[in-house]
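First up is the structure itself, then whatever we jot down about it.
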Amino acid sequence: MIIVTRLDKQQMYLNPDQIVSIEETPDTVITLFNGNHFIVKERAQIIISRIIAFRARVIRRAGSAAQKKYLSRPKQSQFRNINDNNACPSKDDGRFRTPFHPQDV
């Protein structure tokens, strides 16, 4: 949600996924999917930068769980054990064993 200020100085939160258009006539008019129009004090460039910051924050939070190091340690050790045993071509039987990917473990 992004915060915008109406002309009567009332602040409101707006879902940027519902915005269809932002027009700058003398006042900034935001049009939503449901047909509602809101006249706000902020310029269009400020609203766009708030939308970009909101989306970046959502993406950053969505990816943060996968980046926790304590969660990836067991997978890495399992990958090393399997990779050492099975990733190389076997000289005795002549077949090539495909390497395992850490996400397959």
Side-chain angles (χ1 to χ4, degrees):
M1 302 294 258
I2 61 169
I3 191 166
V4 292
T5 308
R6 294 173 129 182
L7 290 180
D8 61 355
K9 298 181 184 175
Q10 179 184 3
Q11 290 185 342
M12 64 181 254
Y13 290 92
L14 201 64
N15 186 353
D17 296 329
Q18 298 296 316
I19 295 175
V20 173
S21 66
I22 301 171
E23 300 175 21
E24 274 192 13
T25 53
D27 298 320
T28 306
V29 179
I30 300 174
T31 306
L32 302 181
F33 274 118
N34 61 4
N36 291 347
H37 300 281
F38 294 104
I39 301 174
V40 296
K41 286 185 173 186
E42 290 87 358
R43 308 296 299 171
Q45 190 60 38
I46 294 172
I47 296 170
I48 291 170
S49 65
R50 288 180 184 172
I51 292 170
I52 292 169
F54 169 76
R55 293 189 193 282
R57 193 169 51 242
V58 168
I59 291 170
R60 189 172 48 245
R61 287 183 184 173
S64 66
Q67 296 173 359
K68 301 231 184 262
K69 293 187 180 219
Y70 69 90
L71 293 175
S72 63
R73 285 183 188 150
K75 281 189 172 183
Q76 287 177 353
S77 65
Q78 288 175 355
F79 175 67
R80 274 189 227 113
N81 293 339
I82 292 171
N83 198 14
D84 291 341
N85 296 333
N86 297 330
C88 300
S90 177
K91 292 182 180 180
D92 52 1
D93 62 359
R95 291 184 299 146
F96 181 79
R97 295 186 183 145
T98 58
F100 287 97
H101 192 274
Q103 290 181 350
D104 293 339
V105 176

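Computed from a prediction, not measured in an experiment: that's the story for all the values here. Positions are given from 1, in the same order as the sequence printed here.
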Under 3.5 Å, sequence neighbours excluded: what are the donor-acceptor pairs made by side chains of residues 6-17?
unit_1	atom_1	unit_2	atom_2	d
Asp8	OD1	Gln10	N	3.3
Asn15	OD1	Asp17	N	3.1
Asp17	OD1	Arg55	NH1	2.9
Asp17	OD1	Arg55	NH2	3.2

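- Both Val40 and Ile52 belong to a single network of hydrophobic side chains, linked directly or stepwise wherever heavy atoms of I, L, V, M, F, W or Y lie under 4.5 Å apart.
- Ile51 and Ile39 fall into different hydrophobic clusters, where Ile, Leu, Val, Met, Phe, Trp and Tyr residues are linked whenever their side-chain heavy atoms come under 4.5 Å apart, directly or through other members.
- The salt bridge (Lys or Arg N to Asp or Glu O under 4.0 Å) test applied to Glu24 returns Arg43, not counting sequence neighbours.
- Between the CD1 atom of Ile46 and the OG1 atom of Thr5 there is a distance of 10.0 Å, given to the nearest 0.5 Å.
- Arg57 contributes atom CZ, which lies 11.0 Å from atom CZ of Arg50 (distance to the nearest 0.5 angstrom).
- In this structure, Lys41 NZ and Ile47 CD1 are separated by 13.0 Å, a value rounded to the nearest 0.5 Å.
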Atom pairs and distances, donor-acceptor, side-chain atoms in residues 26-33, under 3.5 Å, two or more places apart:
unit_1	atom_1	unit_2	atom_2	d
Thr28	OG1	Glu42	O	2.8
Thr31	OG1	His37	ND1	3.1

